[in-house]
Amino acid sequence: MTAPPAATPAAPALVLDGVAKSFGPVVALRSGSLTLRPGSIHALIGENGAGKSTLVKIIAGLYQRDAGTFEYLGEPVDFGTTAESKGAGIAVIYQEPTLFPDLSVTENVFMGRQPTLSLGRIDKRAMRAEVVALFEQLGVHVDPDRPTRGLSIADQQLVEIAKAMSLDAKVLVMDEPTAALSGVEVERLFGVARALRDEGRALLFISHRFDEVFDLCDTVTVMRDGEYISTSAIADTTVDRLVREMVGRDVTDLFPKTVAPVGDVLLEVEGLTRTGVFHDVSFEVRAGEIVALAGLVGAGRSEIARAAFGVDPYDAGTVTVAGRRLAGGDPAAAMRQGLALIPEDRRRQGAVLDSGIARNVTLTIRDRLTRAGVLTSAAENASAREWAARFEVRAPSLDTLAGTLSGGNQQKVVIAKWLATEPRVLIVDEPTRGIDVGTKSEVHRLLSDLAGQGLAILMISSELPEVLGMADRVLVVHEGRITANLTREEATPEAVMYAATHDVEVAR
Amino acid sequence: MASTTLTPTTSRTYRDFQRPRWQRMLLTREMAVVAALIGVIAFASVAVDNFASSITYTYLFLDVAAILLIALPMTLVIVTGEIDLSVASVVGLSSVLTGTLYQAGLPFAVAALLAIAAGAVAGAINGFLVTVVGLPSLAVTIGTLALFRGLAVGLLGTTAITDFPDSWRDLVTNKIPGTPVPAIIVLVVVLAIVFGWLLHFTPFGRGIFAIGQSKEAAHFSGVRVGRTKLILFILSGTVAALAGIYYTLRYGSARGDNATGLELSVVAAVLLGGVSIFGGRGALHGPIAGALLIGAMASALRLASVTSDVINVITGTLLILSVVSPSLLAWAQSRRARRRGKKEGEDPASADPRPAQAADATVARRSTMGEEEQ
Amino acid sequence: SSGDSGSESSESAGGGGGDSMSDANLAITFLPKNLGNAYFDTSNSVGGASAIEEFGGTYEEVGPAEATPDSQVSFINTATQQGVGALVVSANDPAAICDALNEARDAGVKVVTYDSDTNAECRDIFINQATAEGIAQVQVDMIAEQIGDAGQIAILSASANATNQNAWIEMMEEILAADHPDIELVETVYGDDDDQTSFDKTAALLQTYPDLKGIISPTTVGISAAARYLSTSDAKGEVAITGLGTPNQMREYVEDGTVTEFALWNPADLGYLAAYAAKALIEGEITGAEGDTFEAGELGSYEVGADGTVLLGEPYRFNADNIGDFDF
Amino acid sequence: MTLTDAPDRAATSSLGARALALVKQREVGVLAAFILVVAVTTAKNPNFLFSNDGFRDLLVTPSLLMLIAVGQAMVIITRNVDLSVGSVMGLTAYLVGTVFVDMPWLPWPLVFLIGLAFGGLLGLINGAIVAFAKVPSLVVTLGTLYAFRGINVMWTGSDRINASDMPRDFLDLGTSAIWRIPIITIIALVVLAAAGWYMTTQRGGREFYAMGSDPDAATLYGLNVRRRLITAFVVSGALAGLAGVLYAARYGTVNSQVGSGYELQAVGAAVIGGVAIFGGSGTVFGAAIGAFLLMTINRSLPVLGVQDFWQQAVVGALIIGAIVLDSLAARRQERTLAKERERSHG
Ligand SMILES: Nc1ncnc2c1ncn2[C@@H]1O[C@H](COP(=O)(O)OP(=O)(O)OP(=O)(O)O)[C@@H](O)[C@H]1O
Ligand SMILES: Nc1ncnc2c1ncn2[C@@H]1O[C@H](COP(=O)(O)OP(=O)(O)OP(=O)(O)O)[C@@H](O)[C@H]1O
Ligand SMILES: [Mg+2]
Ligand SMILES: [Mg+2]
C-alpha cells in the first residue's frame, strides 16, 4: 500500500466536471467528473459501460463533449484532435492497442513527431537510440526494427506504454493497460508509474483488478452508468465499499467454485505441435472439470487453444472430442463435435462489431435456426432475445451494433453466442479480461454451473487469483511447452509461477 | 444444455429493432435508388418524346439485361469485401467459345453449356488465387481481366462468328406475349430470386455478411470463409458466361471484344445500389434498381438526342452523390447535436439528460433499478 | 462538334418524330463508327450536313465514343423510337447491328450504310467510297512505286474486325501475290483506330523488321499516327508509308517528306452522296433495286449497282503537288 | 549496458538482413524481370535496345505510365485508389491542345504548369470528396472516371487536336534527348526521385504509410489524415495531368479518348511493383519499375513473334505471376519473423 506522498495537495492538473457525451441514441456519459493532481496516481473504476473509456477519449480530444467543463492546468480547454491534447502534454494509452502493423516498432513510437535533420529529413538513428533506451527502462524485449504486425497483444500493449512514456507528458492516462499483462510486466509497469508520480506527474489508471488499484493508486474515483459516484483516498476505503458503489449492490464472493463430479474424458489433446509457437502439447479435460491453462503472457496458450479448435493449423498431434478425432483446421467440424472457443480478442475474433446483437448471437447456430431452407430475422431475434436477457446485455434493442457496446457487454454477447451452440467442451481464453467485478463473478458462477452440468472446460487466464480460484487442475505453459500439471491442492501461487518460468517438469 | 445457466436477476426486455418497420423498409439507400428510378421514368414519360412507348421498355430491358445478370453475383462478392473486375472479359471469352464451338459443328446448346462451364472455371481461377493463394481480389481480377480478354481476342482474331440459329436468338430477344418484356428478363427474375434468397434468407448469406464485416470473427465462428468466397467467384464467372451467351445471341455475333469495359458499369450499378465497397452491407434490390436507373437515364437522354457522354457525367455524379449523401446527413445531425450540447454546457443546471435522450436514459435507468431491487 | 449538333437538332428530331407518319420525314441521322474521328467528322458534319441543308431536312449525328457494335445498336434503337426518316450508318460489325437495323426498317426507317457495309439484307443501300478492288489496287500501286517493287512491307490496319479494312487487306494480298512477287507482306498489325496504339504498333513494326521497306495503313487514324512516328525516327526516308489518309492530317508529313503519296476519296462527297441517297429512299424515288437512279445535288446523278451498292468513284491520290488544293 | 548491447547489435544486423531480404523480394525482383525481358528481346533482335529508335522507345514509352503509376502508388499506400487518372490525363491533354490552338502566343513551357495545376485541381476534387465525406475512394474515383471522361467527350465532341496545331519545339520534347536519354524520361525520373525522397525521409511520407497501415489508429494518433489524403490525390492528379501534357507532346494527336484504360494499367503497374493493394507497404520505385516492365513486355512480344492478339493475355498472366511471387516472398518474410519471435522469446 502506497500512501499519497505529497502532504499538501498540489493544484489540480486536470479537472472535468459534469461532462456528457452521447452517440446518437446511446448515452455514453451522463455527467462525468474527475480531478487529477500532480504527483498522484488516480484510479478510475466502474462497471463495463460505465463510461470510463469515453471519459478518457474526451480528455484525449478524440471525442468532443456535448456538455460540461474541462480545465487543464487551470485553463478551460477544448481539444479538437488528439494532436492538440498530445501537444498540451497529455499522453493516453487507449484500451485497445492502436499500432500500425506495417511499420517498425520504432516508427510506431515516434509516428507524427519524429526527430528531424535538415530539410525535414527524419533522424532514424536518434529515434532508434531513444527507443532502445526506453525498452531497457521498461524491460521490454522486442526488436525495435521489426514491424508490429504479429506482436502478441501483450507485446503490443508494452509498445503502447513505451509510446506514452516517450511523450514525457504532464498527465498520463492509462485505460486498462494491465488487462493483457501478467505479473512480471505489471510490476515493471507499476515501477515506472511510481517513478513518474514521484517526478510530479499526474497519472490516471483504469483497471478492473482491485489488487492493482490498491497496490498502485492513492486516490480512486467510481463511476456508474456514465455518472460520477464518488472520489476517495485509497487509504480510507475498502474493496467492498468500492464494489457496492460500482455495482449498486453487494457482490457475493468472486470465485463461487463448486466442485462437480468428474466424468469421462471429453477433450483429449495428444502431442500437439506448431513449430515456432508450441511443442508436443498433451493434456485431457474430463466432464465436470475446469482445467486452467496458466502461464506468462506470450507463452503460447492462446495458440494452443486456437489450434485445438481449428482456427489455426498445427503441424503434428491429434485433438479428440468425446472419442471422435477432429480434422485439423476446421472450426465448423469442431463445433459439430461440441467444441466451442471463446477467443481472447473479443473485438477482432469474438464479436462482429458492425453487426447487431441478434446476428452475433445466432451466427454460430444459423444452420439450426433455418426452417425449410429459409432463415428469418424473426427466428434469430426470438433465439437471441432469450440469451440477451439471460446475460443482462445492456442495450435498448437486438439490432444494437455490437461495436457500440462496452467491453463487458460485448463479452457477454460473445459468451452467449458460444453457449448457444450447446457445447460439450468449452475453451475460454481470458474470459474476464477487462470485465468488471459484477460481470466477472457472474461469468465465474456461469463457468462452475456449466461444469456442474457436465461440460468440460479449459480456461486460459493470466490472472493468478482466477486460476487458483476456479480451476480443478492447473496446466502451466512455458514457452510453448506444458511444464506442470497441478491438482487444485498442489496449485499454490509459488508452484504455478515457478513452473511458468522454468523448463523443468515440476509435477508428475 | 439446460437453460438454468444463469438465473437472470431481472428479465430485461428488448425491442427487436431500434426503428419501426416502415422506417427500416423505406428509409434506406436502396429505396432512395428505387425512388430515383421511378422519378426518372415518370419525368421522362412526360418530358421526352417517344419515351412513354412500350418499345422503350423492350430496348431498356435488352440493354441492361447483361448488367443485371452480372450484378447479381457481383453484389454477393462485394458484400464479402472482395471484387471481381474480370466479369466483362469472361463475357467476351464465353461469347467467343460459344461461337467457335458452334462453328466447329457442335449443337448450339452444347456449345453454350461448354462456354458456361468455361466461365465457371474462369471464376474458379479467380477464387483459387484469392482464397487459396490469398491474394487481394482487386489485383487478381485486374490480372485476369487482361488474361481472359486476351484469350478471347486471341482465339478469334479478326473473324467475328455470325449466323447463330434464329430459334435460339428469338428465345432471348422475343417479347413475352402481351408484354413489352423480352424473354431474357425471365432468366434475370429467376436468378434474382435465387440470389436474393441466397443472400438474405440462408445461413450461407449470413456467413457472407459476417465475412464482409469481420473476416476473422467469421472464421472464429465456424464460417468457412475460403469456401464461401470460392463459391461466389465461381458463381460470378458462371453468370458472366451466361451473360456472354446472351450477348452473342442478342447481337448475333461472337467477338473477342464483346462487352469491353462492362465491368465498370456493373460495379457502378452495384455501388449505386447502396452496397458498401468495404463489404458487410447491402441488399440485392439496390443493385437491380441501380442498373435499371442507369439504363433508363441513358435511354431517356439518347431519346432527347443528348450525346452519350452526358450519361457518363450523370452516372458518375450519381455514384458520388449516392455515397456522399449519407455522410453529409450524419455530419449535419452531429453538428446540430453538438450545438445543442454546447448551449446546455454553458448553464450549470443542465447535468440531467436532454429530452432527446430521455428514451434511452430510461432504458439504462431501468437496468440499474433492476440491479438495485434484490 | 457533335455536341452542339446534338442539342440544336434535338427539338427538330422531336418534330421529325412527331410527323414521322408523313412520307416526307427528312430527319436524317448519321451514325459513324465512333465520334472524334476526323474522317467521319468531314463526311458527316461537312458533307452530310450541307447536303441535308440543301434539300431542307434535319441533320443529326450521334455515335459511341469507342468503335464497338453493341454501343451502335443502342443508337440505332433510339433512332427507331424517334421515327427518323433515315439512318446513315458506318458499321462496326457486319452482323451485330443487323437485327437492330432491320427493326428500324420495319418501323419505316430507311437505312443507308456508307464507308463500312453490313450484310446486304440489313440495309437499303450501301454507298461505296470506291470498289474494294480499286482501293486495294491504288494502295499496292503506291507502295510498289515508292519502294521500287521489292522488299518487305507490313500493314497497319484499324480494328481486327473492321469489315472494309479486312476486305481490302484480303484483296491487297491477292494482288501482291499475283503481280508483285518481290514484295513480301511480313505482318498485319491492328491499331484499333486509336492514335496511341497505332503509334506504338508502328514503332514495334520498325524494330521487329529492320529491313522493312514500307507500311500500308488503310485507315486515316493509322496512317497519320504511323507518319508521325516515322517523321521523328531514324527510319525516316528509309521506310515508305502510304495508305488512306485525309490531307489535313497528312499535310505536314507530306511537306517534310516523310510521306510521298497517299490516297483517299473525298469523305465530304461520301457523306453528301449518302445524304442524297437517304433522301431519295425517303421520298420513294428509289427502293435500292439495281438500276435505280437518283440526283445527288452538285455531284450529279448516280445509279444503284448490284446488291444495292452505289459507287462514289475511284480513290484520289494526294502528293506534294496537289495536297495544297484540299482542306478536309 | 552490456545487457542491452548484445540484443542491440543483434537487432541491427537482423535489420540489415531484413532490409536486404525486403529489397530482394520486391523492387529488385521486378527490376531483374525487366532486365531479363529486355535481354531476351534484344538477343532476338538487337534493334530493340541498340538502334537509336529502339533505345529511345524503350525509355520513352513507359515514362507516361510511370508518372501515373508513381502517383497511383502514393494513393494506394494510403489505402485508397485513384481510378480517375486515365480521365484526368485525357482531359488535361485536350486542355493543353486547346490552349495551343486558342493562344498560340503562349510560351509553351507554361503549359506544363497549366497541366500540373489542372490535373492537381481534378485530383483535389477527388481528395476533398474522399477526405471530407469520408467515403471509399474506389467509388468516388470510379464516379469521377465517368464524369471527367464524359466532360472530356462533351467538350471535344468529334473534334481533335493535330500535330500541326502545336508548336514544333513542344512536339520535339516527345523525341529529343539529352545524352541519349529522352527528355520525357528525364522528367519522369526527376518526379520519381522527388516522390521517393518524400516517401522515405519526410514525416508526411511516413504518415502516408501509417494511414494505409491502420486508418483508425492514424486518427487516434492525431495525424492530420485529411490533409495527407488530399495531398496524395492532388499529387496523383497532378502527375496524371503532367502525363497528359507529355502525351500531347509525344503522340501529337489528341482526341477524346486519350488515356482511357490507363487507370487499370497504373494499378497493375503498382501491384506488379510490390505495392500492397491494401496500403501500408510498397514503394514508388517498385511502381515505377512495374510500369517499365508492363510496357516493355507489351512492346517486346511482337518482336518475340507473339501474335498481336495474344499480347493482352500474356500481360494478364504477367500481372498474376508477379503478385503470386510477391505473396510467396511475403510468406517467407512472415516465417523469418516467426523464427525471430521464437528466438526473442527463447
Ligand atoms: N462509439 C460509440 N458509439 C456508440 N456507443 C458507444 C460508443 N463508445 C461507447 N459507447 C457506449 O458508451 C457506454 C460507455 O462505454 P465505455 O467504453 O466508456 O465503457 P467503459 O467504462 O470503458 O467499459 P469497459 O470497462 O468495458 O471498457 C457503453 O454503453 C457503450 O455502449
Ligand atoms: N496475432 C499474432 N500473430 C502472430 N504471432 C502472435 C500473435 N499473437 C501472439 N503471437 C505470438 O505467439 C506467442 C503467444 O502469444 P500470446 O500472447 O497469444 O500467448 P498467450 O499465452 O495466449 O498470451 P495471452 O496471455 O495474451 O493469451 C507469442 O510468441 C506471441 O508473440
Ligand atoms: Mg473501456
Ligand atoms: Mg492469449
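Below, chain A is the first sequence line, B the second, and so on; all start at residue 1.
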Testing the basics here: between [X] and [Y], what is the closest heavy-atom pair and its distance to 0.1 Å?
| X | Y | value |
| --- | --- | --- |
| D:P136 | B:F278 | CB-CZ, 3.5 Å |
| D:V271 | B:A139 | CG1-CB, 3.8 Å |
| D:I277 | B:P136 | CG2-CB, 3.2 Å |
| B:A146 | D:G316 | CB-CA, 3.6 Å |

Contacting region of [X] [heavy-atom separation from chain B under 4.5 Å]:
| X | value |
| --- | --- |
| D:V135 | side chain |
| D:I129 | side chain |
| D:L138 | side chain |
| D:L83 | neither |
| D:F148 | neither |

Distance from [X] atom [atom1] to [Y] atom [atom2], nearest 0.5 Å?
| X | Y | atom1 | atom2 | result |
| --- | --- | --- | --- | --- |
| D:Q312 | B:L145 | CD | CG | 7.0 Å |
| D:I320 | B:N126 | CD1 | CG | 7.5 Å |
| B:L272 | D:L142 | CG | CG | 10.5 Å |

Q | Option from B:L271, B:V267, B:V275 for which side chain to side chain contact (heavy atoms under 4.5 Å, CB included) with D:V139 holds | A | B:L271
Q) Are D:W310 and B:V153 side-chain neighbours, meaning at least one heavy-atom pair lies under 4.5 Å? A) no
Q: Check whether B:S265 gets within reach of chain D through its side chain, its backbone, both or neither, counting any heavy atom under 4.5 Å.
A: both
**Q.** Residue B:L151 versus chain D: region with a heavy atom under 4.5 Å
**A.** both
Q. For the candidates B:L264, B:V140, B:I142, B:L155, which exhibits the highest count of non-hydrogen atom pairs separated by less than 4.5 Å from chain D?
A. B:L264
Q) Given the options B:I83, B:L321, B:I320, which has more heavy-atom pairs under 4.5 Å with chain D than any of the others? A) B:I320
